[in-house]
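FYI, side chains are in, hydrogens and waters are out, and symmetry mates aren't considered; it's all heavy atoms of this structure. Below, chain A is the first sequence line, B the second, and so on; all start at residue 1.
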Protein chains: 2
Amino acid sequence: MGRGKIEIKRIDNATSRQVTFSKRRNGLFKKARELSILCDAEVGLLVFSSTGRLYDFASSSMKSIIERYNETKEDPHQTMNASSEAKV
Amino acid sequence: MGRGKIEIKRIDNATSRQVTFSKRRNGLFKKARELSILCDAEVGLLVFSSTGRLYDFASSSMKSIIERYNETKEDPHQTMNASSEAKV
DNA sequence: TCCGCTATGTATAATTG
DNA sequence: TCAATTATACATAGCGG
């Protein structure tokens, strides 16, 4: 998407990598937000840049999403009942 | 992106919502993966559908990403030193 | 150097089989 | 009804201010 096609591999040039990171991070967060709204989904997104900086997005709260993740992972039965749908 | 423009709000029709969820979820995961590769970033993505099903993506392991998130949140100084760059 | 613009590629909404 | 296809809106790579 853009003037040229790019290959999916690590960008060597540090400056370009940072620029691309900023742009794509914004796009990714936007998409995550859209998905959570459009489809009434609970979305949690954690990104650490190569410089170690943290960026996060959560449709509700990251804490509750991580807890729910742990619960779901522990309980193979999952929470498939519709009553658990987010009234976020 | 598509034949018609859509508004970012909850999709009422359950069938459409599920279809859109599948498509966008795939797209979101792909983008997350691309970002992690292109920019050498650590990315964790957690999605719960409105039916309660879990979908997750992690460039390394979700467990380590969540741990790193908790550490970063607890320590406001963050890990800004370049030496912490992912040798993932 | 960073921000914003524009051309282009990609994701995806609607449609078709 | 679901999956594949197609046309279009959107995201973004490269460029200019």
Between C:dT12 (C1') and B:F29 (CZ): distance, integer Å: 17 Å
Heavy-atom pair with the smallest gap, counting every atom of A:I37 and B:K9: CG2-CA, 3.6 Å
Toward the 5' end of DNA chain C, by each residue's nearest nucleotide, A:M1 or A:T15: A:T15
A:R24 (side chain) and D:dT12 (base): donor-acceptor pair under 3.5 Å: no
Sugar-phosphate, base or nothing in reach of B:S16, heavy atoms under 4.0 Å: nothing
Atom-pair distance (CG on A:L38; P on C:dA14), nearest Å: 11 Å
Euclidean distance, atom CG of residue B:L28 to atom P of C:dA11 [Å, nearest integer]: 12 Å
Interatomic distance, A:N13 CG vs D:dG14 C1' [rounded to whole Å]: 13 Å
Any B:K31 side-chain nitrogen or oxygen under 4.0 Å from OP1 or OP2 of C:dT10: no
Pi-cation contact, B:F48 with A:R68 (under 6.0 Å, within 45°): yes
B:R25 CZ - C:dA11 C1' separation (whole Å): 15 Å
Between D:dA11 (P) and A:I6 (CD1): distance, integer Å: 16 Å
No-H, no-angle donor-acceptor pair, A:K23 side chain to D:dA13 base, under 3.5 Å: yes
Atom-to-atom span, CD1 of A:I8 to P of C:dG9 - whole angstrom: 15 Å
4.5 Å side-chain heavy-atom contact, A:D56 and A:L45: no
Sugar-phosphate, base or nothing in reach of A:T20, heavy atoms under 4.0 Å: sugar-phosphate
Side chains of B:S60 and B:E42, donor plus acceptor under 3.5 Å: yes
No-H, no-angle donor-acceptor pair, B:R3 side chain to C:dT12 base, under 3.5 Å: no
Distance (rounded to the nearest 0.5 Å) between B:L54 CG and A:E71 CD: 11.5 Å
B:I11 CD1 - C:dA14 P separation (whole Å): 9 Å
5' priority, DNA chain D, between B:G2 and A:E34 [closest heavy atom]: B:G2
